[in-house]
There are 6 protein chains.
Amino acid sequence: MRYNNRGKDQIRPVKFTVGWGEYPAGSVLIETGKTRVLCSATVEERVPPHLVGSPEGWVTAEYAMLPAATQTRGRRDIANLKLAPRSAEIQRLIGRSLRSVTDLRLLCGMTVTVDCDVLQADGGTRTASITGGWLALWLACEKLKKQGVCPANPVREEIAAVSAGIVGGEVLLDLDYSEDSRADADFNMVMTAAGRVIELQGTGEARPFSRDELNELLDLGTKGIAELCAARRRACGGLK
Amino acid sequence: MRYNNRGKDQIRPVKFTVGWGEYPAGSVLIETGKTRVLCSATVEERVPPHLVGSPEGWVTAEYAMLPAATQTRGRRDIANLKLAPRSAEIQRLIGRSLRSVTDLRLLCGMTVTVDCDVLQADGGTRTASITGGWLALWLACEKLKKQGVCPANPVREEIAAVSAGIVGGEVLLDLDYSEDSRADADFNMVMTAAGRVIELQGTGEARPFSRDELNELLDLGTKGIAELCAARRRACGGLK
Amino acid sequence: MRYNNRGKDQIRPVKFTVGWGEYPAGSVLIETGKTRVLCSATVEERVPPHLVGSPEGWVTAEYAMLPAATQTRGRRDIANLKLAPRSAEIQRLIGRSLRSVTDLRLLCGMTVTVDCDVLQADGGTRTASITGGWLALWLACEKLKKQGVCPANPVREEIAAVSAGIVGGEVLLDLDYSEDSRADADFNMVMTAAGRVIELQGTGEARPFSRDELNELLDLGTKGIAELCAARRRACGGLK
Amino acid sequence: MRYNNRGKDQIRPVKFTVGWGEYPAGSVLIETGKTRVLCSATVEERVPPHLVGSPEGWVTAEYAMLPAATQTRGRRDIANLKLAPRSAEIQRLIGRSLRSVTDLRLLCGMTVTVDCDVLQADGGTRTASITGGWLALWLACEKLKKQGVCPANPVREEIAAVSAGIVGGEVLLDLDYSEDSRADADFNMVMTAAGRVIELQGTGEARPFSRDELNELLDLGTKGIAELCAARRRACGGLK
Amino acid sequence: MRYNNRGKDQIRPVKFTVGWGEYPAGSVLIETGKTRVLCSATVEERVPPHLVGSPEGWVTAEYAMLPAATQTRGRRDIANLKLAPRSAEIQRLIGRSLRSVTDLRLLCGMTVTVDCDVLQADGGTRTASITGGWLALWLACEKLKKQGVCPANPVREEIAAVSAGIVGGEVLLDLDYSEDSRADADFNMVMTAAGRVIELQGTGEARPFSRDELNELLDLGTKGIAELCAARRRACGGLK
Amino acid sequence: MRYNNRGKDQIRPVKFTVGWGEYPAGSVLIETGKTRVLCSATVEERVPPHLVGSPEGWVTAEYAMLPAATQTRGRRDIANLKLAPRSAEIQRLIGRSLRSVTDLRLLCGMTVTVDCDVLQADGGTRTASITGGWLALWLACEKLKKQGVCPANPVREEIAAVSAGIVGGEVLLDLDYSEDSRADADFNMVMTAAGRVIELQGTGEARPFSRDELNELLDLGTKGIAELCAARRRACGGLK
């Protein structure tokens, strides 16, 4: 039995607080179950060195977790003098996903940084960061459009992310931490609202899995992502 | 005129959300005006090297600001490979203040870490961290008492902190960011509810100030700290 | 047309030099096309902190590239004072894949480190590291078995890795660097010789891709991995 | 009884060796009791990033202690890969204090760095650094004036610093290390020769202290600072 | 008896593989006995800060050892967050030696970096790096000459390096690791083919040594360096 | 003409202040010409990891330069987050030289750290560090002998160090900075008082040099070292 009698193919309750922070161009607090991620999109007039002089701007992400966000307190990166490799990997995933649906030429000369700070972690923080971060990015770009800086919103397509996994022989959607830590296989999916694939990252941590299982996981993910996109659209009163 | 018609000797509206986070032993979200600091007290069964074998435990603090907490996005410490000196200084102040009212022998073998993470910054983040962090510490210690780990709550006395400053020739209580950035002199005070001094840090950034001005600043601080202590007691239904 | 008239579903010529280095317990130089990775497995009598006192040993990997391995010289990690995030991500993938087919209890008290040093890079260095690193690990474990340290070889199953991608509308197996840099989508697969999935990492860098395309990519990968496993078995005179 | 029969309101013997080093624009070895700090002011034609293009120059300080300066050898910062937080805090204090009496517009385009290197430490190193560093700065600026680079000496006012504390119930001026380590409360004061306040940093480490005690501490500090300014003026043959 | 019946004044078998790597402008794999160093010379159009605007270019070297190159696995520099001091010292020696025979004005605006990566280490890695690195540099410069970038090859003179030492009372040429670790004295020599001295680094690790012993060591080194230069010239078909 | 009419084979005036610092077991301020190095030997009851459980103790050195010690201010190591490679190389030389004449078994369980802090630099700082550091080490060991910790002084032999070089075609002893920066060749020698060799480090920075020139440099060094040893013995009232 899942927590709160959740069905196998059901996502956790999700809530988007738009404008949680006052200063960033786009600010969204996303809560899925007990997981809470503050997503903040900031626009700066600079581009990274490899784009100086190029007609394209940039979208990047940073991901971090407060030390007290987890059941056992974690150490801050600065205390270890290095970014946690897990965080580095996640923020590369977030940035890559968001860039894949952004027309970077419309951001020429600018960088949008999407900070995803996990305030409380109960599994699924990377997928929540993408789902919430997309909205923060969209809001920041909408502001650029309204200010006349961009002729159109550079974000071309809706994407969201969710996990699915095999736990105790069952294929489940949107794992929480207690499920994730017992999973035989774990799959993170980033897709468009229509179910086309942006990123897949799956791992058979405890045992290899079959093509049939893979297809079940993908079906569940497609369903969850469509639901997250719909909830997000409701939360911000429609995207347009 | 101050923002929202605030009087010269008036603190900003203050709100304490007790139990904001689910995992830390003590969790408090303090909001004073637009400043929001998440204070989380975690208990670990270890002591720092200099206390191994000693009859005393330890209380320490960590202070950090989310990059998007301020009007202009800041860089993360890890990107600079060093803790911001300002943060280092502030967390030393918070830790010293909290230790000064804690009976460390009652925490023998344990360390309580009070994480003060600034989610939004509009001036007064270090004083809010002390005021909120004290409550997080007290709650964590109360839990230790209830679990029978400590015979009594090791926190012996209520303290809080506030700033005051000289802005445009006027002595003002509890500066927000726009006031602080124009201040001739700036004073941070940590005191007991009864007005005895724990820490004073004052600086005449733009000009030296006189003993008379110093006394005015101290009077205002004493008043503000008493009010903060009262609000905090109300917020958590009394301290006992 | 692919380099050297390679077919769409053909892997590059692959060569394994077993025992290239004299000191590591397992040493393999893998060459696939122009890509060359030196894989060295070393056994140490220690376990990482989280396994002290546990009945399990550990398998870990480190991945790095010589500065002159690529067409444009790269900077060494130490010059940047941080491990390249890309390398961190890759070595986590290699370690996770190798551990998934290792019986860690047979390595109790020991750590096997598989160093994957890229001497020349022409695409596919992470998959070559897994394919070559698996053999280095197997050889080191075989030595432990012969020395009577392990009752059986702890490596339970053969795995290998390969990439596939969509380039100019075509689905291609085992991308070299010039193909990879033009790919619309890029997929790295780690599977057993029998085609069961260990890890999938796919990204639609330039555009989302469909479930049908995904299936084509997986079919190609399954074929390539079977061929790599067969070539590897021949190279070391059979795995027994 | 204090060391060498010093009175409660007496500063330690102080000695200034002007021109101890040959290369810096201003070089002063200050000795107060056994504490010895080498203060070196160097002028460079550059400003920190936040002042590029501004009409103001900059004054900054660096503070460090030789490993063998204390009774127990300390580790060098570089061995810890971070500046000791205590040093960071102190050098911010020194820099802020010196800037508060400098007309930065007269230093346009230039940075004066005041290095305060503690060669031997017996308490009061931060206050000695300010008292000695002020003279090094003044000397460097005097040289700029003589070279015609500055129309007037940018240092507008004399400042010095001293500590006072409550030790065993007694209020004492200018604590040495053995007193400081037993102090209930410890106060560092930076003032003008006329007793106006630049910086106050006080901490009731062992117990809160009262407004009356605070006033006693301030009175002692005012007296000590006036004496240090007078001694310093004698040492360099008058400031003009 | 030395390994493989080598005579006291005999160097180890040496082999140069020219063009081992495909991308660097000059690439040489040098093997002396079991020691293998991959030397790669890369040309970049930039100069270090101290040469911006100068008529001279730069030659620099980087030296590193793969973790599995030695009998006991070493840690990577990045894991220690610092370049091994021994490596730093060696790469300074290589760079200094190569620069001493290069006409830097012919490299105006360019930097040649010679990467010396030790793939297997059995003593003499620093001297092999210089002997192999010189050829990589010469090849890269020859390419610049052929491209018309340099009017002549900026490398003016042939140099090579070898060690000699006192082991068990005997003076031996070209120590391998087992000899080096038992040596009373150890001498590294960098000379021109004609025996003129570029660098000498000798240390009486176990006991001081006499002027007579020093002369014997220098005679052996002169002989070895002449032989290495001859072998190198044969390996690349003459230096023209 | 050399500064102050010094002869070609003459060392600079040298002065040893024994006991300059109050806390270290051995403290020596050495001044040779304008070069000033504070040498402090501290004894700690610990050994480095590789000697835990061994019958031998350890002698190590740390070398650093104050930022204002040179004509142009240098940056502190901590600002660069790495020990200057030059300093790393020098402190390895100092440590190796001092260990070569110390009976480490008499120091069992202890480490003597010799800090060499350059307060003013006018060439020859590494050789002054060895010459002064030897005395600091000897004094610290003498104290151990007097305390009965060591049955005899573990320092078995007197050593000192000096430089010589070829400047404008002339062979000169003990180069100051202005000579060193124009030298064609530069030689640092560490020898016993009787002229036996501990360390030689010579470099033909501008041109290779001959065996005859090498012999002249060694003769000068032998003379200088004998004079430094004699001066040092006089300064501390004889070594016994």
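Note that the structure is a prediction, hence the values are computed from the model and not measured. Residue numbers begin at 1 in each chain, while the letters A, B, ... track the order of the sequences.
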Does Asp115(B) pair with Arg73(A) as a salt bridge, N-O distance under 4.0 Å?
->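 Here Asp115(B) pairs with Arg73(A) in a salt bridge, since their nearest N and O are under 4.0 Å apart.
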
Proximal component of [X], with respect to chain B [non-hydrogen, under 4.5 Å]:
X         : value
Asp117(A) : side chain
Ala41(A)  : neither
Thr70(A)  : backbone

Quick one: CD on Glu62(B) to CZ on Arg75(A), what's the gap to the nearest 0.5 Å?
->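 If I round to the nearest 0.5 Å, the distance is 8.5 Å.
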
Can you tell me how far CG of Leu66(A) sits from OH of Tyr23(B), rounded to the nearest 0.5 angstrom?
->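 Output value for this atom pair is 13.0 Å.
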
Members of residues 146-157 of chain A whose heavy atoms come closer than 4.5 Å to chain B =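 Result: none.
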
Heavy-atom contacts under 4.5 Å, residues 79-87 of chain A to chain B =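 Within residues 79-87 of chain A, the residues that come under 4.5 Å of chain B (heavy atoms only) are Leu81(A), Lys82(A), Leu83(A).
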
Specify the closest pair of heavy atoms between Gln120(A) and Gly21(B), including all atoms of both residues, with the distance to one decimal.
->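 Distance-wise, the nearest heavy atoms are OE1-CA, 3.2 Å.
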
Option that, when pairs with chain A are counted at under 4.5 Å, heavy atom only, ranks first among Thr72(B), Thr113(B), Leu38(B) =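 Looking at each option in turn, the highest pair count goes to Thr113(B).
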
